[in-house]
Enquirer: 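First the structure, which I've put down as structure tokens, then a few questions once you've had a look.
The model shown is predicted, which means the values in this text are computed figures rather than measured ones. Numbers restart at 1 for each chain; the letters A, B, ... are given by sequence-line order, proteins then strands.
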Amino acid sequence: MSDIRLEIKDVSKNFGITKALQSVSFNINKGEIHALIGENGSGKSTLTNSLAGIYQKDDGTFILDGKEVHPVNQVEANNEGISIIVQELGTLDGLTVAENIFLGHEDRFVKMGIKNTSAMNRKAGELLAEYGFDRIKPSDMIENYNFEDRKLVEIVKATYFDPKIVVIDETTTALSREGREELYKQMYKIREKGNTVIFISHDLPEVLKMSDTITVLRDGVYIDTIKSADIDEDGLKKLMVGREVTGKYYRADYDEEVSDEVVMKVEDVSVPGLISHVSFELHKGEILGFGGLSESGMHEIGKACFGASYDREGSVTLADGTKINDIPTAISHSIAYTSKDRDNESLVMNQSIRDNICLPSLDELSNKAHLLSDKKLKDFAEKYAKQMSTKMQSVNQFVSNLSGGNKQKVVLARWIGKDSDILLLDSPTRGIDIKVKQDIYQLMDSMRKSGKSIVMISEELMELIGMCDRIIIMKDGKINGELKRSKDMDENSLISKMV
Amino acid sequence: MDSKDITQAQVVGALKKQSVINMIRSSLPFIGLIAMCIVFNIITKGSMWNSRKLIMNQVYVVLISATGVFFIMSMGGLDFSQGSILGIASIVVCLLSGKNMLLAVIGGIAAGALIGAFNGYFYVNRKIKSFIVTICTMFLFRGFIKYMASNSPVAASMKVYDYDTTAIKLSITAVVLIISFIVFRFTGFGINLKAIGAGEKAVKFAGVRTDRVKFLIYVLSGAITGLAAFVNIVKNGSATANVGNQLETQILIALVLGGMPISGGAKVRFENVIVGSLLYVVLTNGLIMMGLTTQAMQLIQGIVFLIFVAIFADRESISVIK
């Protein structure tokens, strides 16, 4: 009896000049959770997206249960028994929850050319109830739900028809603890049924905990497949990076005094439906963390301080008395913001790296006659893109072709170029591998030391504990506690305030 | 080792193929223009070349007003009210030309800018899609024009004919083009415009006052067409009820013929305006000289338009036209 579910044979894929996959071959078994790990741009998502019909591979074969498959779109992949939960949002605005779940499979509910909406809603309702997501109503428009709930809808969409292979691409970092537990449960369920999960994650402890087998990719090349039981975190890091990873990851200091100087004062800030009456002060040279469940309103804090929230009440005041009420004022007063929704709010996707980096600094880059020179823009962009060691062909390349971590580097390069003093970083390491994470942590530490102030909003408790001078925990849109940096702090002390 | 070499060769091959396709794409309007000129000159046995002055005379208005629409389309908007703007501004120029010629020019620009501001207000502040707003204003101001000029054309002072020289018309056009080129290519405003076309939300988060930019662009585009109205009156001497009729379609066709991606964004180039306008005028005149009827001409224009849209549509960043 063969246990092999999927044979991947010599699969290659190029994006222009970038070799995303170079004849990758390995096998994935039935009834296992198979993790796929590697640094940013190592080809994990490219491989699974090719399998799920989102991309077309250039070369090689996928053999599913002894039969070659080459789906040209996601619906075909579904019919072959392959489904995927993508890294970014995979649900479509303008459709109801039910329509999203059955997207591409509406035929089930069509009789004589007419779609039976109530039958579709009923079926979707049954499925949601089965999964325990009763609070999501099938007839509601999907955009009425937040990122997290939409991910849950995607889980239903990807698994209700018992596919042979479910790809879960970097989904957990976007989810809160509850959402993750929910996802883990579903993963185990899939395995129990004898089906296969391909699990992509940057969170190595999670990978070790959840998976049976781990395959490592590096720069588009297959490195190794190992049993999870036979390896530890350091071993994985070594395989991913190709050398021993040493040195500190988070900050090492514990008893540095933070300056009393207040650089930003947030008073009684409310955004209807998201946060209410939030007040705090940010000090010079401080890293202030915000933690909580993803619906706790913490993600709105960054937007509110940046002047980007709709209908915000209360005030955000800088040390010199400036009130921040809109984005241009925020930026001209040296505030930077990186959004959790990197692809829509932080980057202009179909635009060059050059323009993306230069965008907030155009005034500084223009001469007395308000004219810009191409060379100056190029030099500026190159300088900061290289400082962030962004992997790219040239600064004229569009950002849409970069991997998640490199996109984030472009966003950070933009604000380093702008030399902002207050940085509002929402989920700065979401979907980013250890090497880049380490770079970002070190960057934050050196910024802190040079007197810049950072607000770090994150769903990863370990990085909050590791990096922040203070952590404010949000719950139901309100501040529910504050913790000072200490050696003894552990995840549980934060979680107890979050739920 | 072997497999690596192969992939390397494949990559280079794929890259070459892609850049060749891109090169053909971007040079297609140029090639089209030259080919058109040659073909029509052969068919008309050189009479097209002999009437080049007449043909050039038709380029100015389209070229000037297309520059404004070019800005609008760069940021992903559309403007169908250009013909009506030209009409109203032409009437204003006629009425003021008796008093003072400079006043007439300024009046035309101001009238255009005012209608542009009207468009911009409904587009930006009232958040209505640009093509809806401008289709409404197209009809609205066309109504005004009919009201003003139906019984008899609004005639300009005879003095305008003094300005009907190639030198003046050409230099007005050249000034508009040169300033627009510099603004588009070498200022933050130009970069912001293209960026808005590529992804408005992220541009907003980068600190650009996108609403202000969008409003200003409509005002600017109206003002530019207001200036084109002066050239139009200098050429024609009066404004009839049909003044500027279908200018918007002519502009749209010209820009698309010039290789402009209809959703705007990063792939927009300034030469789209110039090559496109020339190509459009050569095409229509060539067809007229071949003795085609108006109906047949529209048919052919429609086909050519469709082909070019199909070639230049930026499918990677297809989004709703704003």
Enquirer: Suppose we screen for side-chain hydrogen bond (donor to acceptor under 3.5 Å, both in side chains). Which residues come up paired with A/K418, at least two apart in sequence or across chains?
Expert: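 With sequence neighbours excluded, A/K418 shows a side-chain hydrogen bond (donor to acceptor under 3.5 Å, both in side chains) to A/E364, given in chain and number order.
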
Enquirer: Does some side-chain heavy atom of A/I327 sit less than 4.5 Å from a side-chain heavy atom of B/V208?
Expert: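 The answer is no; the side chains never approach within 4.5 Å.
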
Enquirer: OG/A/S373 to CZ/B/R185 distance, rounded to the nearest 0.5 angstrom?
Expert: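 It comes to 10.0 Å.
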
Enquirer: Answer with side chain, backbone, both or neither: which region of A/S366 has an atom nearer than 4.5 Å to a non-hydrogen atom of chain B?
Expert: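 Neither part; nothing is under 4.5 Å.
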
Enquirer: Which of the residues A/D374, A/L347, A/D363 is involved in the greatest number of heavy-atom pairs with chain B at under 4.5 angstrom?
Expert: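 Answer, by heavy-atom pair count under 4.5 Å with chain B: A/D374.
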
Enquirer: So if I take each residue of residues 406-416 of chain A and look for any heavy atom under 4.5 Å from a heavy atom in chain B, which residues do I end up with?
Expert: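 Counting heavy atoms that sit under 4.5 Å from chain B, the residues of residues 406-416 of chain A involved are A/R414, A/W415.
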
Enquirer: Go through the atoms of A/L365 and report whether side chain, backbone, both or neither lie under 4.5 Å from a heavy atom of chain B.
Expert: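 Contact with chain B involves no heavy atom of A/L365 at all.
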
Enquirer: Quick one: closest heavy-atom pair of B/F205 and A/I331, and the distance?
Expert: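 So the minimum-distance heavy-atom pair works out to O-CD1, 4.0 Å.
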
Enquirer: I'd like to verify something: which residue of B/A206, B/G265, B/G190 has the highest number of heavy-atom pairs under 4.5 Å with chain A?
Expert: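 Max contact count across the listed options: B/A206.
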
Enquirer: Let's test your reading of the structure: which of A/N356, A/N344, A/D355, A/L377 forms the most heavy-atom pairs below 4.5 Å with chain B?
Expert: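 Most heavy-atom pairs within the cutoff with chain B belong to A/N344.
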
Enquirer: Which heavy atom of B/G207 sits nearest to which heavy atom of A/P328, and what is that distance?
Expert: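 Nearest pair, atom of B/G207 first, then A/P328: O-CG, 3.5 Å.
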
Enquirer: Is A/D326 in contact with chain B via its backbone, its side chain, both, or neither, using a 4.5 Å heavy-atom distance?
Expert: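 Only the side chain of A/D326 comes within 4.5 Å of chain B.
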
Enquirer: Ignoring hydrogens, what is the shortest heavy-atom contact between B/T187 and A/L372? Give both atom names and the distance.
Expert: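 For B/T187 versus A/L372, the nearest heavy atoms are C-CD1, 3.3 Å.
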
Enquirer: Minimum heavy-atom separation for B/A202 to A/S346, with atom names?
Expert: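 Smallest heavy-atom distance, with atoms named: CB-C, 4.1 Å.
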
Enquirer: Return the minimal non-hydrogen interatomic distance between A/N350 and B/A266, and the atom names on each side.
Expert: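 Smallest interatomic distance, heavy atoms only, reads O-CB, 3.3 Å.
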
Enquirer: Is chain B contacted by the side chain of A/L371, its backbone, both, or neither, given a heavy-atom distance below 4.5 Å?
Expert: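 It is both, since atoms from each part get that close.
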
Enquirer: Taking atom CZ as the centre, does B/R209 end up with more than 12 heavy-atom neighbours from other residues, nucleotides or ligands that are less than 6.0 angstrom away?
Expert: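 Enclosed: over 12 neighbouring heavy atoms sit under 6.0 Å from CZ of B/R209.
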
Enquirer: Do you know which two heavy atoms are closest between A/Q351 and B/K194, and how far apart they sit?
Expert: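 For A/Q351 versus B/K194, the nearest heavy atoms are NE2-C, 4.1 Å.
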
Enquirer: Dump the intermediate steps for side-chain contact (heavy atoms from CB on, under 4.5 Å) on A/H370 and B/V183, then the final yes or no.
Expert: CA-CA 9 Å; A/H370 297 286; B/V183 168; over 6 Å; no

